[in-house]
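Because only heavy atoms are used, hydrogens play no part in the values below, and waters and symmetry mates are left out as well, while side chains stay in.
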Amino acid sequence: TVQETGDVPEAVPLYCLMGRWYGDALKRPDFALPCFAKAIEIDPHCDAAYEGSLTLYRGAQSWPEVVQVLEARAAASSNPAAARDHRAAAADVVLRKVGDQARAVGMLEAILEQDPGHPGAIDSLISIHEEKKEWKPLAKLLSRQLAHTAAGARVSGTLRLAELYEDRLNDFEQAIERPIITVSGTV
């Protein structure tokens, strides 16, 4: 039994199996979640336990817990890129499900401090600034996005930025200059 194995790494798959069984077959998340938590306690890098917990919390629409699990997963990740992706997913839940835009912006900006070209963080911040009609920060983000876009895919982004400078910021010089700069190969 799992109790006989104790807290050894070999018990982790058994805890995950029990968690899935309690959650899927018996529909008892109250029994499943402690199994996944024990698996994570023994092995903080256990993706199956994180996924099981996330599935249960998302199904119950327990958004603060989803954020907590994603942040714990990011903290335990040995891969910095994966950790940033988990934090970006947590920020997305904070923004779209919890409704705390200020917290989400802080989380996304922290990601961009570590990875200035993180596409998920940039996209989320772009949508926030568009919604709030904050044109100058939006222009900076679009410029940042262009700097991390492959040369062949820059045309639509450049036109979008030029249109923003023209229509929203009334900066006709930048509206004309942006497409020229991009065509020449610099942003």
Side-chain angles (χ1 to χ4, degrees), residues 1-132 141 144-145 147-150 153:
T1 67
V2 73
Q3 293 163 335
E4 293 170 357
T5 62
D7 288 351
V8 296
E10 293 78 22
V12 171
L14 191 52
Y15 279 114
C16 289
L17 180 64
M18 288 173 39
R20 284 192 305 274
W21 183 69
Y22 281 130
D24 297 341
L26 297 181
K27 305 294 185 219
R28 292 296 306 259
D30 56 325
F31 291 168
L33 287 167
C35 292
F36 291 130
K38 186 65 173 179
I40 292 168
E41 178 186 320
I42 297 169
D43 179 8
H45 305 287
C46 182
D47 286 332
Y50 285 113
E51 286 302 321
S53 298
L54 288 169
T55 298
L56 292 171
Y57 285 133
R58 284 180 179 130
Q61 298 183 359
S62 297
W63 305 119
E65 288 79 6
V66 170
V67 172
Q68 186 178 27
V69 171
L70 287 167
E71 288 177 331
R73 191 176 193 182
S77 180
S78 58
N79 179 337
R84 287 189 294 271
D85 290 343
H86 296 312
R87 286 197 301 279
D92 188 61
V93 173
V94 168
L95 177 65
R96 300 186 194 297
K97 300 297 184 179
V98 177
D100 188 345
Q101 193 174 72
R103 180 177 171 204
V105 167
M107 294 168 74
L108 294 165
E109 287 175 348
I111 293 167
L112 290 179
E113 285 178 17
Q114 295 176 352
D115 180 1
H118 191 279
I122 290 175
D123 290 344
S124 293
L125 283 171
I126 285 173
S127 69
I128 291 169
H129 290 303
E130 281 179 327
E131 181 182 311
K132 293 172 74 175
L141 283 167
R144 179 182 277 190
Q145 186 179 47
H148 297 282
T149 302

Next on the checklist: Under the criterion side-chain contact (heavy atoms from CB on, under 4.5 Å), I'd like the reasoning laid out for R73 against D47: C-alpha separation, chi angles, the key distance, then a yes or no.
Outcome noted: CA-CA 8 Å; R73 191 176 193 182; D47 286 332; 3.2 Å; yes

Item to check | Least distance between heavy atoms, H118 atom then D85 atom | outcome: NE2-OD1, 2.7 Å

Checklist outcome for this item: For A90 and E71, the nearest pair of non-hydrogen atoms, with its separation, is CB-CG, 4.1 Å

Next on the checklist: Please evaluate residues H129 and L141 with respect to the criterion side-chain contact (heavy atoms from CB on, under 4.5 Å), reporting the C-alpha separation (whole Å), side-chain torsions for both, the decisive distance (0.1 Å), and the verdict.
Outcome noted: CA-CA 9 Å; H129 290 303; L141 283 167; 3.2 Å; yes

Next on the checklist: Can you tell me how far apart CG (L125) and CZ (R144) are? Round to the nearest 0.5 Å.
Outcome noted: 8.5 Å

Checklist entry - With a 4.5 Å heavy-atom cut-off, do V66 and W63 have their side chains touching? => result yes

Item to check | Criterion salt bridge (Lys or Arg N to Asp or Glu O under 4.0 Å) on D92 and R96, from CA distance to verdict | outcome: CA-CA 6 Å; D92 188 61; R96 300 186 194 297; 2.6 Å; yes

Next on the checklist: Which heavy atom of S77 sits nearest to which heavy atom of A83, and what is that distance?
Outcome noted: OG-N, 3.8 Å

Checklist entry - Once you round to the nearest 0.5 Å, how far does CD of Q101 lie from NZ of K132? => result 4.5 Å

Checklist entry - What distance separates E65 CD from Y57 OH, expressed to the nearest 0.5 Å? => result 5.5 Å

Item to check | Closest non-hydrogen atom pair, A104 against A91 | outcome: CB-O, 3.6 Å

Checklist entry - Got more than 12 heavy atoms from elsewhere within 6.0 Å of CD, Q68? => result no

Checklist entry - Counting only N and O atoms by type, is there a donor-acceptor contact under 3.5 Å from the side chain of Y50 to the main-chain atoms of P44? => result yes

Next on the checklist: Rounded at 0.5 Å granularity, tell me how far CD in E51 sits from SG in C46.
Outcome noted: 10.0 Å

Checklist entry - In Å, rounded to the nearest 0.5 Å, how long is the span from CD of E130 to OG of S127? => result 7.0 Å

Checklist entry - CG of L70 to CG of L54: how many Å apart, nearest 0.5 Å? => result 5.0 Å

Checklist outcome for this item: Contacts of D100 meeting salt bridge (Lys or Arg N to Asp or Glu O under 4.0 Å) (sequence neighbours excluded), chain-then-number -> none

Checklist entry - Looking at S53 and F36, what are the two nearest heavy atoms and their distance? => result OG-CB, 3.2 Å

Next on the checklist: Show the nearest heavy-atom pair for residues I111 and R84, with the distance to one decimal.
Outcome noted: CD1-O, 3.9 Å

Checklist entry - Would L26 and F31 satisfy side-chain contact (heavy atoms from CB on, under 4.5 Å), going step by step from the backbone distance to the final call? => result CA-CA 9 Å; L26 297 181; F31 291 168; 5.6 Å; no

Checklist entry - So R87 and Q114, side-chain contact (heavy atoms from CB on, under 4.5 Å) or not? Walk me through it. => result CA-CA 12 Å; R87 286 197 301 279; Q114 295 176 352; 2.5 Å; yes

Checklist entry - Quick check: does any side chain N or O of S124 sit under 3.5 Å from a backbone N or O of A121, one acting as donor and the other as acceptor? => result no

